[in-house]
Enquirer: 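First the structure, then my questions, so here it is.
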Amino acid sequence: MAWIKAIIRTTLLCSLLFTMVSCTVSGFGLAPISSIDYTRVKTIQIDDFANHAEYVYGPLASTFNDKLKDLFIQQTRLQLVNTGGDLVIDGEITGYNQYNEAIDASGYSSKVKLTLTISVNYQNTTNEEENFTNRTFTAFQTYDSSRLLTDVQDELITILVKDIAEQIYNSTVANW
């Protein structure tokens with residue numbers, strides 16, 4: 001009788017596990033939803049974002065510019081052009097700062113918050129109602145204050161840049 005209960009439990013556990021794995025869609029690489037009318041919009045112009053933040057980290061601007069362009073190229077059928085795009089995105093990096101976020105029992109900082117802020121202008125030449133100017137996008141990550149910024153900076157920049165590029169994508173062609 002005990003072996004029957006063990007078989008039933010094992011079968012139920014396997015069924016539950018199979019159902020959970022079957023319902024996972026994030027691994028299938030579904031493209032984000034976009035509202036692009038490809039009959040009217042064929043090209044996109046993404047100008048390089050200059051780094052005008054008080055604290056300048058050299059690779060930040062090129063990392064952001066590459067990630068933003070790659071996202072639009074990979075997730076849309078738009079052709080990237082240098083001038084005269086149907087969609088035009090430009091802006092600047094306005095903030096790259098770190099702040100003490102949490103204090104431990106000794107009164108010293110235990111967590112540091114790294115924040116990236118980018119100002120974006122968007123022009124849709126086929127639908128002027130979607131245009132916006134100086135919209136601010138921000139992302140942040142925290143890290144343990146026992147680590148130096150130079151030790152975690154590249155890893156955190158990758159996360160921050162990806163987050164803001166997706167925010168820009170969603171606010172422009174996905175219209176979220």
Side-chain angles (χ1 to χ4, degrees), residues 20-21 23-36 44-78 80-82 85 87-124 130-176:
M20 289 174 51
V21 170
C23 292
T24 304
V25 294
S26 63
F28 293 111
L30 298 175
I33 299 170
S34 71
S35 62
I36 300 171
I44 186 166
Q45 173 186 334
I46 302 175
D47 295 337
D48 284 340
F49 284 61
N51 191 347
H52 293 141
E54 260 183 57
Y55 176 73
V56 176
Y57 177 57
L60 176 58
S62 61
T63 301
F64 175 75
N65 289 319
D66 292 344
K67 180 62 181 175
L68 186 63
K69 290 174 185 177
D70 287 347
L71 181 64
F72 278 87
I73 290 169
Q74 293 169 359
Q75 302 297 336
T76 69
R77 294 182 288 171
L78 298 173
L80 185 64
V81 296
N82 292 327
L87 305 178
V88 179
I89 299 174
D90 64 39
E92 63 183 351
I93 299 169
T94 58
Y96 181 68
N97 306 320
Q98 60 178 344
Y99 306 97
N100 293 330
E101 185 173 67
I103 306 298
D104 62 15
S106 66
Y108 292 100
S109 173
S110 63
K111 294 285 182 188
V112 178
K113 181 178 183 179
L114 183 65
T115 304
L116 176 62
T117 305
I118 297 182
S119 176
V120 177
N121 304 311
Y122 173 67
Q123 179 184 8
N124 181 339
E130 293 181 358
N131 296 352
F132 59 79
T133 303
N134 293 325
R135 185 175 294 177
T136 301
F137 296 89
T138 303
F140 67 89
Q141 288 290 308
T142 58
Y143 65 95
D144 193 278
S145 65
S146 65
R147 300 179 71 190
L148 294 173
L149 176 60
T150 55
D151 294 339
V152 297
Q153 192 163 224
D154 290 332
E155 175 186 337
L156 296 179
I157 289 294
T158 301
I159 296 167
L160 296 173
V161 162
K162 180 179 186 282
D163 185 356
I164 291 183
E166 289 173 353
Q167 289 178 45
I168 294 168
Y169 179 90
N170 289 337
S171 293
T172 55
V173 299
N175 286 330
W176 286 13

Enquirer: Quick check for you: to the nearest 0.5 Å, what is the distance between S119 atom OG and D90 atom CG?
Expert: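 S119 OG to D90 CG: 9.0 Å, rounded to 0.5 Å.
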
Enquirer: Applying salt bridge (charged side-chain N to carboxylate O under 4.0 Å, His left out), which residue pairs with at least one partner in residues 101-116 are found, sequence neighbours left out?
Expert: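 Sorted result for residues 101-116: empty, none.
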
Enquirer: How would you list, by chain and number, every residue that makes a side chain to side chain donor-acceptor pair (under 3.5 Å) with Q141, sequence neighbours excluded?
Expert: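 Testing Q141 for side chain to side chain donor-acceptor pair (under 3.5 Å), a comparison that skips the adjacent residues, returns none.
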
Enquirer: Please name all residues satisfying salt bridge (charged side-chain N to carboxylate O under 4.0 Å, His left out) with E166, sequence neighbours left out, ordered by chain then number.
Expert: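 Checked E166 against salt bridge (charged side-chain N to carboxylate O under 4.0 Å, His left out); matches are K162.
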
Enquirer: For D48, give me all partners under salt bridge (charged side-chain N to carboxylate O under 4.0 Å, His left out), at least two apart in sequence or on another chain.
Expert: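 Salt bridge (charged side-chain N to carboxylate O under 4.0 Å, His left out) check on D48 returns K69.
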
Enquirer: For N124 and N131, test the side chains for any donor-to-acceptor distance below 3.5 angstrom and give the result as yes or no.
Expert: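 No pair is found: no donor N or O on one side chain lies under 3.5 Å from an acceptor on the other.
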
Enquirer: CD of Q45 to CG of D47: how many Å apart, nearest 0.5 Å?
Expert: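 Result: 4.5 Å between the selected atoms.
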
Enquirer: Run the side-chain donor-acceptor check on residues 55-67: report pairs under 3.5 Å with partners two or more places apart or on a different chain.
Expert:
| residue | atom | partner | partner atom | Å |
| --- | --- | --- | --- | --- |
| Y57 | OH | D154 | OD1 | 2.2 |
| S62 | OG | P59 | O | 3.2 |
| T63 | OG1 | P59 | O | 2.7 |
| N65 | OD1 | F49 | N | 2.7 |
| N65 | ND2 | F49 | O | 3.4 |
| N65 | ND2 | A61 | O | 2.9 |

Enquirer: How far apart are the closest heavy atoms of A165 and L71, and which atoms are they?
Expert: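 Scanning both residues completely, I find the closest heavy atoms to be O-CD2, 3.3 Å.
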
Enquirer: Any heavy-atom pair between the side chains of T117 and T136 that's under 4.5 Å?
Expert: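 The answer is yes, as the side chains (C-beta and beyond) meet within the 4.5 Å cut-off.
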
Enquirer: Check step by step if side chain to side chain contact (heavy atoms under 4.5 Å, CB included) holds for T172 and L87.
Expert: CA-CA 9 Å; T172 55; L87 305 178; over 6 Å; no

Enquirer: Return the OG1 to CG distance between T94 and N134, rounded to the nearest 0.5 Å.
Expert: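 Rounded to the nearest 0.5 Å, the OG1-CG separation comes out at 9.5 Å.
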
Enquirer: Would you call L114 and T142 a side-chain contact if the rule is heavy atoms closer than 4.5 Å?
Expert: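 No - every pair of side-chain heavy atoms lies 4.5 Å or more apart.
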
Enquirer: Tell me whether N97 contacts the main-chain N or O of T115 through its side chain, where contact means a donor paired with an acceptor under 3.5 Å.
Expert: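 The answer is no, because no donor-acceptor pair under 3.5 Å joins these two groups.
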
Enquirer: For N121 and Q123, does a side-chain donor sit closer than 3.5 Å to a side-chain acceptor?
Expert: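 There is no such pair (donor and acceptor under 3.5 Å, judged by atom type) between the side chains of N121 and Q123.
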
Enquirer: Quick one: are Y169 and Q75 in side-chain contact, heavy atoms under 4.5 Å?
Expert: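 In contact.
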
Enquirer: Can you check side chain to side chain contact (heavy atoms under 4.5 Å, CB included) on I36 and T76, steps first, answer last?
Expert: CA-CA 8 Å; I36 300 171; T76 69; 3.6 Å; yes

Enquirer: Run the side-chain donor-acceptor check on residues 145-153: report pairs under 3.5 Å with partners two or more places apart or on a different chain.
Expert:
| residue | atom | partner | partner atom | Å |
| --- | --- | --- | --- | --- |
| S145 | OG | S109 | O | 2.6 |
| S145 | OG | S110 | O | 3.4 |
| S146 | OG | D144 | OD1 | 2.4 |
| Q153 | OE1 | Y96 | OH | 2.7 |

Enquirer: To the nearest 0.5 Å, what is the distance between CG (L156) and CG (L160)?
Expert: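 The CG atom of L156 sits 6.0 Å away from the CG atom of L160.
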
Enquirer: If you define the side chain from C-beta out and look only at heavy atoms, does anything of Y122 sit under 4.5 Å from V88?
Expert: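 A side-chain contact is absent here, since even the closest heavy-atom pair is not under 4.5 Å.
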
Enquirer: Show, in sequence, the C-alpha distance, side-chain angles and deciding distance for L68 and I168, and conclude whether the side chain to side chain contact (heavy atoms under 4.5 Å, CB included) test is met.
Expert: CA-CA 8 Å; L68 186 63; I168 294 168; 4.0 Å; yes

Enquirer: Would you compute the distance between atom CD1 of I44 and atom CG of L78 and round it to the nearest 0.5 angstrom?
Expert: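 It comes to 5.5 Å.
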
Enquirer: Look at the side chain of Q98 and the backbone N and O of V112, then say whether any donor-acceptor pair between them is shorter than 3.5 Å.
Expert: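 Looks like no, no N/O pair under 3.5 Å.
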
Enquirer: Applying side chain to side chain contact (heavy atoms under 4.5 Å, CB included), run through F137 and V120 and close with a yes or a no.
Expert: CA-CA 8 Å; F137 296 89; V120 177; 3.6 Å; yes

